[in-house]
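Structure first, then comments.
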Amino acid sequence: MWVILTMASAVHWFRKGLRLHDNPALLDAVQNPTTTYVLPVFCLDPIFLRPETVGVNRMNFLLECLQDLDQQLRKLHSRLFVLRGNPLEQLPVFFRKYHTRLLTFEFDTEPYAKQRDTQVRRLCAELGIEVRTRATHTLYDPEDIRRELGDRPTPLTYKSFYAFVTERLGQPMSALDAPAPASGFQTPDVDLDTYTVPSLSELEAYQGLEVETPFRGGETEALRRMENFLRERADEVRSFAKPATSPTAWPVASTTQLSPYFKFGCLSPRLFVERVRSLRPLQQPPVSLIGQIWWREFFTYVAYVTPHFHQMQGNPICRQIPWREAADDARYRAWEEARTGYPWIDACMVQLRQEGWLHHLARHAVACFLTRGDLWVSWERGRETFDRLLVDADYSLNNANWLWLSSSAFFHQYYRVYSPISFPQKYDPNGEYVRHFLPVLKEMPSKYIYTPWLAPVVVQKKAKCIIGEDYPHPIVDHAVVMRENMRRMREALDAGAPQRVPKRPRRDANEASSSSSSS
DNA sequence: TGTCGGGTTGTTCCA
DNA sequence: ATGGAACAACCCGAC
């Protein structure tokens, strides 16, 4: 113990980036010449230890990531130190105990992380600890993009973002290897029985909650899944076109399902891009597999530089739309609890709750239904549900996609509405997906699987599913509310966009100029 | 403060 | 059966 107390240490703080490969901040700690020991740390922040915020499926996934990380580190004769509590309180105690001189971590763009990390930096300055960070959650450092953009406005379309970044920044950095066993990775052999990775049952708030997700956390699993997909489904990788994949494929999904691993950084996007590029010829962005990583890049960047990105109020790129009052939440609850009476929507919501994952187009369908399509409930509420239930819930991507689907930002063709009936019909005419996730409809004839309320009573009886008793009546009439909502959207745009020039009137130039000469 | 082409992933109807 | 137009008409970015 005396020895340890006199030797300086470097701490690598894992938050996301839960991997050993392509982790330059970890390598900075390992290779730092003025410190003897490396202490890999994760801090279980109580702000995330609540099932109302982080659902049981994602919490379990996180703990599995930490277990895997610990095991991988032990192969390097190191280990993971798991601190419990607010990092601003726990880290300094740890720093003093182990004479920390250097702190490294992966740069994080999220608002909570930004303010937390600012405080940690301040604290380190007081303690005389050097801080080094690396931006490795995305292909590029968002600060590099911001610097290149200079005074230009933030690109709000995929194409303009992609064109600008590829032209100005060229290829992303290549992925780095994990630290080798002989890399000088030294971790003191102390506190063996403390700072261990907890099991789910040790987290009080999660006791008694059942884990249903099929996703197993960790870098090892991420790499295995990626290599497996590249090997077994190479043709699909080459021809991959996201809009052409099926949202009803189950149990073998039509996509890679790597999103939970990207969310926690179990898998480096740079490594993924390099590995996919080894297969040729490839489909091109935006629909290609690499194109998907660019969507992540685009949304992460815009979320980073946009104030109040997670809400309508004060968000400069968000349409101001008078969504239904928050107090009137019967519709929201029906949606979240899979009781809308539209089998396609409800089946999706059951899969979301059980597995913590939905195909991208299924997310589109339920998001459109909750907001501009049918229920006219604020996208912020749907965002909260996704944030709690998705194993892959990511601040930037989740908010961006809700902005998109509610046609609040990025996407503006609000008259394109997903039908909860004909949309799933083209992928799954027999409704196998619905029958699996809503067993109450298992016996319903295919003709009525998406519209069971239209089935004659004898058919309902024969299927052992009486609408109104065993399965609810539709909460709204899609054909009717869709029209109403389009009109509402039109009104909201007229009211909220004074700079907008109405197309219809356009009488003459004089009138237009006199009405707009306000300053 | 114009114009126009295009926007990862709509639906319905008709030929 | 598949492909194209009507539906109603948005905003962004490039010129």
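Residue numbers begin at 1 in each chain, while the letters A, B, ... track the order of the sequences. Only this structure's heavy atoms are used, side chains among them; waters, hydrogens and symmetry mates stay out.
Atom P of B/dG6 sits at a distance of 22 Å from the matching atom of C/dC7, rounded to the whole Å. Rounded to whole Å, the separation between the C1' atoms of B/dT1 and C/dC11 comes to 16 Å. Of the C1' atoms belonging to C/dA5 and C/dA9, the separation is 15 Å, rounded to the nearest Å.
OP1 and OP2 of C/dA9 both lie 4.0 Å or more from every side-chain N or O belonging to A/R490. Between A/S160 and C/dG13 there is a side-chain polar atom (N or O) within less than 4.0 angstrom of OP1 or OP2. An OP1 or OP2 oxygen of B/dT8 is reached within less than 4.0 angstrom by no side-chain nitrogen or oxygen of A/S288. Between B/dG7 and A/K159, a contact under 4.0 Å exists linking OP1 or OP2 to a side-chain N or O. For the pair A/K426 and B/dT11, the criterion of a side-chain N or O lying under 4.0 Å from OP1 or OP2 is met. Between C/dG13 and A/R152, no contact under 4.0 Å exists linking OP1 or OP2 to a side-chain N or O.
Across residues 361-369 of chain A, A/L361, A/H364 each have a non-hydrogen atom less than 4.0 Å from an atom of DNA chain B (numbered order).
Pairs of Watson-Crick or G-U wobble type, with distances under 3.5 Å, assemble into runs of 3 or more in DNA chain B at these ranges: B:2-7 with C:10-15, B:10-15 with C:2-7.
As judged by a 4.0 angstrom heavy-atom cut-off over every strand, A/Y414 is placed among residues touching the sugar-phosphate backbone only. Backbone-only contact: A/F423 has heavy atoms under 4.0 Å from sugar-phosphate atoms and none from a base.
Checked by atom type and distance alone, the side chain of A/R381 never pairs as donor or acceptor with a backbone atom of A/T371 at under 3.5 Å.
Checked by atom type, the side-chain pair A/N398/A/R383 shows no donor-acceptor distance below 3.5 Å. The closest side-chain donor-acceptor pair between A/Y342 and A/H478, if any, does not fall under 3.5 angstrom.
An aromatic stack links A/W295 and the base of B/dT8, using centre distance under 5.5 Å and interplanar angle under 30°.
Protein atom CD of A/E491 is 14 Å distant from nucleotide atom P of C/dC10, rounded to whole Å. Spacing between atom CZ of A/R416 and atom P of C/dA9 amounts to 14 Å, rounded to whole angstrom units. Residue A/F299 contributes atom CZ, which lies 10 Å from atom C1' of B/dT8 at whole-angstrom precision.
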